[in-house]
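Keep in mind it's a predicted model, so treat the numbers as computed, not measured. Labels below follow one simple rule: chain letters A, B, ... track the order of the sequence lines, proteins then strands, and each chain is numbered from 1.
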Number of protein chains: 2
Amino acid sequence: MVTSVGQDGQSDGSQRAVTLLDLARAAGVSRTTASNAFNRPDQLSPKLRARVLEIADKMGYAGPNPMARMLRTGRAGSIGVVFGKSLTYGFTDPTSIAFLKGVASVCEKEGASLLILPETGEAQVGNAIQGAAVDGFIVYCMHYLTAVNDAVAARQLPSVAVSAPETMPMSTIDIDDRSAAREAAAHLIGLGHRRFGVLALDVLGDGYDGPLRIDQMAKLECTPSVDRYRGYRDALAAAGLQDTDLQAFEVSGNSEDQARKAAFKLLSQRPRPTAILAMSDRLAVGALLAATDLGLDVPGDLSVVGFDDIPLAKAVTPALTTVHQPLEEKGAAAARLVFHPPKGRPRHLILPTELVVRDSTGLAPDAP
Amino acid sequence: MVTSVGQDGQSDGSQRAVTLLDLARAAGVSRTTASNAFNRPDQLSPKLRARVLEIADKMGYAGPNPMARMLRTGRAGSIGVVFGKSLTYGFTDPTSIAFLKGVASVCEKEGASLLILPETGEAQVGNAIQGAAVDGFIVYCMHYLTAVNDAVAARQLPSVAVSAPETMPMSTIDIDDRSAAREAAAHLIGLGHRRFGVLALDVLGDGYDGPLRIDQMAKLECTPSVDRYRGYRDALAAAGLQDTDLQAFEVSGNSEDQARKAAFKLLSQRPRPTAILAMSDRLAVGALLAATDLGLDVPGDLSVVGFDDIPLAKAVTPALTTVHQPLEEKGAAAARLVFHPPKGRPRHLILPTELVVRDSTGLAPDAP
DNA sequence: ACTTTCTTCTTGATCGATCCAGAAGAGTGG
DNA sequence: CCACTCTTCTGGATCGATCAAGAAGAAAGT
């Protein structure tokens with residue numbers, strides 16, 4: 001006999017949910033047959049299947065309980081993405097949005113869902129990671145890598161870390177930040193620039209704004225910020241210039257407003273830098289704003305090079321010269337590595353970058 | 001005796017994972033005690049707990065299996081977000097990104113994760129919804145509402161639908177599209193405009209570009225596109241103008257490029273509209289581009305009003321006059337409704353909008 | 001008629017945890 | 001010494017499904 005259930009979904013939620021067993025009993029079949037009605041249509045006669053599904057519908061049984069199914073099958077049908085910074089930041093920064101988009105596109109193809117994990121501060125790092133029902137992880141973060149990566153590694157699932165040291169027991173995916181940055185700086189040097197300002201992403205992710213903390217950098221194996229800075233210096237060294245020709249400020253939170261202030265300071269120094277190397281396009285946009293504040297023409301008085309090539313880069317005026325990196329492809333490649341993990345040793349992908357010259361760079365004003 | 005496990009996480013993954021029972025045996029305690037070591041520190045002596053955790057670490061036991069835990073506790077620790085359009089679109093459109101950001105901020109506070117579901121086409125709608133291990137749903141989509149919403153409703157979980165008819169057995173959250181649109185149009189009418197072009201979001205989400213399909217609109221109870229169009233007409237009617245003063249094009253995919261083309265057509269007609277009502281800021285930006293193509297000055301020759309007030313709206317030149325809607329708050333409010341569902345009847349929130357006048361609107365060129 | 005195969009359906013075991021009720025032992029007070 | 005509470009720990013039942021193996025009956029081949 002069919003268990004009577006309230007007509008509408010509104011009724012008091014306290015009643016126990018309908019289970020596969022209830023359905024089986026109501027339909028007069030075994031649990032397995034009921035299960036097969038949903039999962040293996042070929043395992044029972046179409047007529048019976050239709051009847052079972054109809055009764056299921058009548059009973060308000062939506063389908064097999066996902067949690068139970070996961071437990072039994074061992075598959076979650078989703079992959080997790082961990083942001084080092086706050087979850088909200090992931091939806092603010094254009095680079096991580098593009099990355100997510102790449103991840104999402106692959107998830108869609110695979111029919112999997114995308115679980116985005118919160119990070120409730122260093123103390124509880126790993127809490128969410130430990131408890132996530134997923135088939136694999138993508139780690140996208142810039143700071144305190146070890147805590148997060150260790151938690152992910154402990155799960156023993158196919159995992160990929162973005163911009164992580166290759167010493168981790170998981171696949172990694174990255175760009176060659178150092179040589180990309182070198183290329184950006186070399187471009188400016190080629191245009192005759194000799195005095196540079198650097199807008200750096202914050203090295204430690206601790207909200208610090210101010211002169212670059214070179215001493216702290218030594219501690220960090222590998223962050224985009226450090227690598228890009230080294231790349232800038234490489235180019236200067238190759239041209240026989242001194243480190244002192246490089247004035248660098250860290251800007252917290254990759255924010256345009258903060259960058260504007262920092263750039264203002266850089267550009268108020270004498271002799272004034274003739275070019276600004278920004279470690280992200282958002283920072284570069286901040287530099288453009290500061291140039292406007294100071295009445296400087298870009299690229300007449302000042303050249304600006306960005307990094308990332310986010311959509312905004314070509315929308316802004318003047319369009320930014322910047323280092324293009326394949327943000328979406330980075331996400332897609334990471335997702336692919338999670339869904340089809342390499343057998344044996346982990347892979348370490350390096351994606352190509354390319355300097356895109358637009359309108360924000362020109363000959364140095366004081367060039368001979 | 002402690003089961004020996006390979007030193008590194010690299011070893012062949014075929015060995016069965018360590019379970020709570022294994023850990024309990026290794027530590028010489030019961031499963032419950034081992035479980036409590038992770039979940040209820042107050043239920044066992046600190047000394048024993050430390051020992052258990054240490055052994056767990058040694059065995060490579062990362063913590064209780066999330067799937068099993070979910071099944072037993074009945075809680076997933078995450079909420080699901082369903083996009084009607086493709087998953088990728090969710091990370092492309094600025095309005096949905098802002099919405100997600102709002103959702104994410106609340107998730108972060110609640111310590112929950114955010115599961116983003118794929119939609120693999122109308123045929124399989126509900127597949128992912130049925131199988132998602134979540135504690136509630138947020139439905140964010142514009143089209144074929146019923147299929148998705150029915151699948152969500154069947155799950156009998158706390159759910160919120162954005163821009164859905166209130167007939168659904170779930171909470172909804174929305175803005176008053178119609179009166180917001182009316183206000184936008186009234187603003188232009190007040191400036192002396194009498195001939196309007198409308199750039200409409202596609203009514204059916206089927207990739208159609210072309211003249212507005214008014215006949216189709218009648219079929220749809222409630223989509224932003226339809227409501228906004230009605231709002232525009234309300235304003236015209238109130239001013240004694242005819243519907244024929246309103247030329248409308250649907251633009252598929254809320255894309256700037258498509259909008260540019262559509263706006264070009266609108267502006268090539270004679271007599272030329274003096275104002276464009278765009279149903280989104282992206283469409284409005286397309287209109288600005290088309291104006292540039294045609295050598296029209298905004299707001300001198302043409303006024304443009306957007307909708308949404310995405311970040312781009314004030315970054316673009318001229319800054320867009322637009323209808324501000326609280327996108328992030330919309331996401332946050334939706335998430336709050338999922339985490340703390342109203343007892344009894346579902347709630348139906350209407351969030352406030354506000355016309356923000358910036359630089360893209362001015363007096364009609366032919367005004368008396 | 002006998003074996004074989006195919007279809008259709010069922011039973012028992014299992015996935016890996018948490019919850020509930022209660023046992024064992026230590027400490028307290030009368 | 002007994003009754004009581006408190007802490008610490010345990011075993012059995014349970015969450016809701018899927019899987020592997022096999023039974024019952026129909027169809028087909030020899």
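Atom P of nucleotide C:dC15 and atom CG of B:Leu71 are separated by 14 Å, given to the nearest angstrom. Taking atom CD on B:Gln130 and atom C1' on D:dA17, their separation rounds to 11 Å, with Å as the unit. Separating the CG atom of A:Asn36 from the C1' atom of D:dC19 is a distance of 10 Å, rounded to the nearest angstrom. Atom CZ in A:Arg69 sits about 16 Å away from atom C1' in D:dC15, given to the nearest Å. Taking atom CZ of residue B:Arg75 and atom C1' of nucleotide C:dC19, one finds them 13 Å apart after rounding to whole Å. Taking atom NZ of residue B:Lys47 and atom P of nucleotide D:dT8, one finds them 12 Å apart after rounding to whole Å. Atom-to-atom, CG of A:Leu21 to P of D:dT18 comes out at 13 Å; the value is rounded to the nearest Å. Here D:dC15 presents its C1' atom at 15 Å from CE of A:Met70, a figure rounded to the nearest Å.
Taking both residues in full, the closest heavy atoms of A:Ala133 and A:Met70 are given as CB-SD, 4.2 Å, listed atom of the first, atom of the second, then distance. When every heavy atom of B:Val134 is checked against every heavy atom of B:Phe137, the shortest pair comes out as CG2-CZ, 3.6 Å. The two residues A:Leu115 and A:Ala132 make their nearest non-hydrogen contact at CD2-CB, 3.9 Å.
B:Arg49 comes within 4.0 angstrom of no nucleic acid atom, judged by non-hydrogen atoms across all strands. Residue contacts for A:Phe38: at a heavy-atom cut-off of 4.0 Å it reaches no nucleic acid atom on any strand shown. Using a 4.0 Å heavy-atom criterion, one finds that A:Thr33 contacts the bases of the nucleic acid, with or without backbone contacts as well.
Ring geometry, B:Tyr140 versus B:Phe99: the interplanar angle falls from 30° to 60°, so the pair is classed tilted.
Remark: B:Tyr61 is in phosphate contact with C:dA17, judged by side-chain N or O atoms under 4.0 Å from OP1 or OP2. The side chain of A:Thr73 places no N or O atom within less than 4.0 Å of a non-bridging phosphate oxygen (OP1 or OP2) of D:dA17. Between A:Ser30 and C:dT10 there is a side-chain N or O to OP1 or OP2 distance below 4.0 Å. The phosphate of C:dC9 (OP1 or OP2) has a side-chain N or O of A:Ser45 nearer than 4.0 angstrom. Within the structure, every side-chain polar atom (N or O) of A:Arg40 is placed at least 4.0 Å from both OP1 and OP2 of D:dT18.
In the set C:dC9, D:dA17, C:dG16, C:dC9 carries the atom at the smallest distance from any side-chain atom of A:Leu48. Nearest to the side-chain atoms of B:Leu44 among the listed nucleotides D:dG16, D:dC9, D:dT18 stands D:dC9. The side chain of A:Thr19 lies closest to D:dG16 when the candidates are D:dG16, D:dT10, C:dT18. Of all nucleotides listed (D:dT18, C:dT18, D:dG16), C:dT18 comes nearest to the side chain of B:Asn39. Taking the side chain of B:Gln43 as heavy atoms from C-beta on, and the options C:dG16, C:dC9, D:dC9, the nearest nucleotide is D:dC9. Considering only the side chain of B:Ser35, C:dT18 comes nearest among C:dT8, C:dC19, C:dT18. For B:Arg72, taking side-chain heavy atoms from C-beta onward, the closest of the listed nucleotides D:dA17, D:dT14, D:dT10 is D:dT14. Closest to the side chain of A:Asn65, out of D:dG12, D:dA17, D:dT18, is D:dA17.
Both A:Arg31 and A:Asp42 lie close to DNA chain C; mapped to their nearest nucleotides by heavy-atom distance, the more 5′-ward contact belongs to A:Asp42.
Electrostatic pairing of A:Glu329 and A:Arg336 counts as a salt bridge here, judged by a charged N lying under 4.0 Å from a carboxylate O.
In this structure the side chain of B:Lys330 never reaches within 4.5 angstrom of the side chain of B:Leu349, judged on heavy atoms.
For C:dT11, the base has a donor-acceptor partner in the side chain of A:Thr32 [N/O atoms by modelled type, under 3.5 angstrom].
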